[in-house]
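Note sheet for the following structure.
Just so it is clear, the model here is predicted, and its values are computed rather than measured. So that the names make sense, note that chain A is the first sequence line, chain B the second, and so on, each numbered from 1. The figures here come from the full heavy-atom set of this structure, side chains too, leaving out hydrogens, waters and symmetry mates.
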2 protein chains.
Amino acid sequence: MKPYRSRFRTHCMLVFSVLLAPALLAAPATVEQWGLYEVALKGPGDGNPFLDVRLTATFTDGERTHEVAGFYDGDGVYRVRFSPEAPGEWRYETKSNRWELTDKSGVFTVTSATGANHGPVRVFNTYHFAYADGAAFKPVGTTIYNWTDAPDAVQEETLRTLAAAPFNKVRMLLTPQPTAYREEYAPPRWPFVGTPPRDWDFTRFNPAFFQHLEKRVAQLRDLGIEADVILFNPYGRWGFETMDAATDERYLRYVVARLGAFRNIWWSLANEYDFLRTKTEADWDRLGALLQACDPHQRLRSIHNGRMIYDHRQPWVTHVSMQNGAAVEEPGRAEMYRGAWRKPVVYDEVKYEGSGPFRWGELSGGEMVHRYWCGTVAGTYVGHGDYFFTVREDAWTSFGGKMTGQSAPRIAFLRKILEESPPQGIDPIDQWQDPRIGGLPGHFYLVYFGREAPTAWTFELYRNALTDGMEFTVEVIDTWAMTITPVPGVFVTAKKDRYMFVDREGRAVPLPGKPYHALRIRHSGGAAPLPMVKAPIEP
Amino acid sequence: MKPYRSRFRTHCMLVFSVLLAPALLAAPATVEQWGLYEVALKGPGDGNPFLDVRLTATFTDGERTHEVAGFYDGDGVYRVRFSPEAPGEWRYETKSNRWELTDKSGVFTVTSATGANHGPVRVFNTYHFAYADGAAFKPVGTTIYNWTDAPDAVQEETLRTLAAAPFNKVRMLLTPQPTAYREEYAPPRWPFVGTPPRDWDFTRFNPAFFQHLEKRVAQLRDLGIEADVILFNPYGRWGFETMDAATDERYLRYVVARLGAFRNIWWSLANEYDFLRTKTEADWDRLGALLQACDPHQRLRSIHNGRMIYDHRQPWVTHVSMQNGAAVEEPGRAEMYRGAWRKPVVYDEVKYEGSGPFRWGELSGGEMVHRYWCGTVAGTYVGHGDYFFTVREDAWTSFGGKMTGQSAPRIAFLRKILEESPPQGIDPIDQWQDPRIGGLPGHFYLVYFGREAPTAWTFELYRNALTDGMEFTVEVIDTWAMTITPVPGVFVTAKKDRYMFVDREGRAVPLPGKPYHALRIRHSGGAAPLPMVKAPIEP
């Protein structure tokens with residue numbers, strides 16, 4: 001029999017539970033692995049819940065434990081969102097400085113992922129990405145800064161365009177950007193309570209704004225698209241770029257609590273961070289470290305530059321999000337930032353395909369595709385933009401809708417080639433020697449000739465993982481016409497000299513003498529590839 | 001009248017001074033600013049002075065104070081070396097754990113620098129260098145790894161070659177490198193006491209080795225050449241690459257104490273640091289931080305890579321010392337590492353001019369000169385090597401002597417152009433747009449066409465610092481033939497569009513249709529340059 005004291009405690013807890021039970025609004029019994037599990041609670045709606053109420057929940061399956069911050073969603077409703085990384089039985093328990101919200105607990109079952117749910121994307125193999133279930137993820141991104149603020153019909157059109165487009169990642173601003181378009185059209189939703197253009201109560205978020213954003217993020221997820229959400233931007237006029245440090249931090253924590261459980265979320269701390277003159281680099285270091293510290297889901301994190309490049313070795317940065325169009329004009333440049341930081345390099349902005357009067361928005365479709373290929377063989381990733389300037393500035397990259405340019409189908413063609421390439425990712429084959437060749441030594445090679453127009457390419461590969469008697473098939477790729485033409489026969493390796501292997505009959509691959517062609521070379525038989533030499537083997 | 005106690009102290013000190021006076025061997029009454037002032041003391045020669053005896057001296061002119069470590073120079077002689085940065089009266093006082101060496105003090109006068117003494121080189125204007133007296137220093141380096149270990153006659157020949165060569169910086173190893181040459185010739189001096197090849201007493205340095213090295217460093221100084229001394233290297237066989245952490249640190253402190261007061265010293269922590277498999281990156285971080293902490297003269301510090309690039313944002317790194325030949329094949333690449341670390345970038349190894357069987361030593365003279373020019377217009381600096389392979393491997397870059405290649409006179413020609421360029425240094429003019437143009441906006445431009453062979457160049461410059469009506473002279477430079485041909489007349493700026501200025505009559509510069517040509521464009525009159533826009537002015 002339990003001692004009296006314990007029986008009293010049990011009794012009290014029962015009474016409390018009965019008293020407080022109505023607070024639990026919803027907490028489903030099951031959720032899919034990497035799905036979004038949400039505990040909804042009824043709590044105080046008076047005062048300023050954004051400032052006054054603290055709420056967290058601890059989630060555990062016995063092996064893993066996460067403390068997850070909740071958030072106020074208006075109308076006296078509080079939510080805690082969690083995306084479990086493993087199937088099995090999980091439980092949660094809340095803590096709060098309000099009786100109605102604290103000590104709520106529950107149990108739920110996490111079922112295995114189904115369908116296209118591969119989990120969140122992580123850094124993989126130093127320079128690359130993979131889904132949590134191990135499936136390769138090769139970023140093929142586009143930019144649609146303000147699409148969630150466009151008229152609803154345009155947003156729906158954007159989703160239809162994306163469903164048919166090659167992109168698996170979208171860069172999008174969280175707080176809107178002032179544009180010419182916006183002169184005619186003021187968005188109905190703003191992140192803070194108040195009156196546009198600048199009269200905001202920065203202590204009160206506007207749940208409707210975020211609920212809408214979440215709907216769009218979920219729709220991207222269901223299209224298999226990562227949402228690379230930009231938290232700060234320098235395109236000031238609404239005042240979101242001049243908030244004080246405490247407001248910045250509260251904003252960041254609120255966004256993470258709301259959005260972080262969506263498995264397709266990536267955090268981009270800022271766009272063109274160095275153009276935001278109200279913050280120093282120390283501010284970005286602090287906000288980045290906070291982002292790392294306050295996100296129980298550890299989504300991917302980056303910061304995007306204007307002209308000054310951030311110190312991407314900072315531990316909070318998971319991958320490089322680069323603006324530098326010149327860097328992907330040829331693969332020898334594109335490779336260089338990899339070594340500087342030893343992290344994946346995503347050239348998220350390489351200028352846009354477009355017709356604008358600005359130098360950053362006047363790439364031809366061919367040049368956009370060329371930049372994708374340069375980045376690809378260099379072992380990096382490239383992002384797309386489509387900016388055909390009109391009076392209302394309703395370009396894809398500003399507001400979504402339809403794309404105008406010609407690059408997207410060719411990027412789809414490249415994406416298919418990427419998806420057929422090794423899951424380890426493409427790395428430079430002969431570093432600082434022949435930047436045109438990327439791949440996986442001994443297994444897979446892409447050779448991109450760019451603006452060259454060769455009529456033949458002597459079969460010749462760098463020694464790493466090669467030995468005599470390996471057989472390779474070769475295909476000729478027209479990156480613009482989107483054709484893949486097999487070269488008859490197989491090429492069989494023979495050592496040429498200290499560095500290179502050639503075909504044992506000295507064969508060359510005939511080429512059409514036109515620019516923007518590539519080769520795909522795949523191991524097909526004969527001797528097996530040697531183990532890769534990862535470390536340098538020569539001075 | 002002084003109290004008794006004080007009189008007693010004075011009396012005792014007098015007695016002590018008389019007793020200990022013989023310890024002071026030398027301490028000159030004057031030294032030139034940035035010269036080498038040395039206090040020599042007689043002390044204990046028994047036991048192991050390298051381990052047992054601690055000696056420092058505090059130097060002050062009342063305004064500045066430096067604590068400087070001394071070192072044991074053999075035969076019971078101890079020295080403290082200091083290079084004063086300001087003229088005036090300075091005093092020193094020693095501290096030691098040995099009576100004979102402690103509390104020695106003296107006064108000396110620092111006179112103004114004379115002749116070619118411009119002081120040590122410092123980082124200047126973010127990406128550039130200057131002497132302490134403000135004179136520009138534009139590094140034009142060469143590599144002679146083992147020259148101080150070559151036969152004496154070769155060393156003397158090396159000095160004669162350098163006296164007639166364009167180089168103002170020499171990269172050289174401190175501990176020797178095993179080479180084929182060394183099979184025939186074992187150097188007479190080794191840094192540690194012991195027996196080659198590997199039987200060393202790492203607790204005892206060999207003063208004769210360092211005395212010889214210092215003589216060579218001083219000779220370089222007198223030729224106006226910076227000595228970029230490489231402290232560790234991976235070319236193991238003697239065991240200097242596998243010393244333990246305590247020995248590494250003692251070695252580093254000893255070298256800094258001996259050499260750091262030479263004003264032409266630069267520290268290169270390691271050559272091809274990542275090929276030194278016995279050390280981790282954390283070891284290099286630690287040794288770099290120690291180098292920064294223990295060097296009262298704060299000489300320039302770098303670390304040179306093989307294939308893995310060091311994190312050059314580390315505070316101890318003053319400038320980037322890069323091995324990457326591909327990076328200077330065109331200026332668009334060369335620029336990229338500047339932004340990654342915002343420090344001066346010196347491409348100390350871009351492969352060598354040579355005839356060797358190795359890919360790192362087979363550049364033509366023309367290619368070496370081309371790489372110098374690419375680096376120059378990109379706002380970086382390039383280093384030379386000359387490696388014409390022979391059976392005995394007595395190439396310039398291994399052992400000095402004579403150079404064989406053809407690039408040196410062309411590098412001399414470029415150096416003269418550099419010395420006539422603005423002291424602020426050359427920076428990219430239109431970042432990530434036209435990498436062929438470097439200079440100082442509104443004042444000075446170098447345009448390098450590389451492998452292009454244009455027959456004309458339309459006068460067109462990026463807007464920064466430009467306004468209408470500025471007059472410029474243009475000269476055509478043949479980088480190989482070493483000719484500078486003025487273009488008749490002046491070019492007068494007129495705004496063309498949002499970004500560019502052209503000549504108001506639309507003039508072009510005629511060019512000979514050959515590769516490796518350049519232009520020098522200098523402001524000569526008309527409207528004055530506008531203030532430079534340092535910050536970005538456009539997205």
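Side-chain contact between B:Ile309 and B:Trp341 is present, with heavy atoms from C-beta onward closer than 4.5 Å.
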**OP:** Step by step, work out the ring pair (Phe, Tyr, Trp, His ring centres under 6.0 Å) result for B:Tyr448 and B:His370.
**Re:** CA-CA 9 Å; B:Tyr448 178 56; B:His370 170 66; 5.6 Å; yes
Original post:
side chain to side chain donor-acceptor pair (under 3.5 Å) between B:His304 and B:Tyr310: does it pass, once the steps are laid out?
Top reply: CA-CA 8 Å; B:His304 188 72; B:Tyr310 189 74; over 6 Å; no
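For chain A, the nearby part of B:Glu330 is the side chain; its heavy atoms alone come within less than 4.5 Å. Looking at B:Pro435, only its side chain comes within 4.5 Å of chain A, counting heavy atoms on both sides. Neither the backbone nor the side chain of B:Asp497 has a heavy atom closer than 4.5 Å to any heavy atom of chain A.
Among the candidates A:Glu329, A:Glu335, A:Glu281, the residue making the largest number of heavy-atom pairs closer than 4.5 Å to chain B is A:Glu281. Most heavy-atom pairs under 4.5 Å with chain A: of the set B:Lys351, B:Arg313, B:His312, B:Glu349, this distinction falls to B:Arg313.
By the 6.0 Å and 45° rule, B:Arg371 does not stack over the aromatic ring of B:Tyr347.
Listed for the A:Asp274 side chain is a donor-acceptor partner under 3.5 Å among the backbone atoms of A:Met308.
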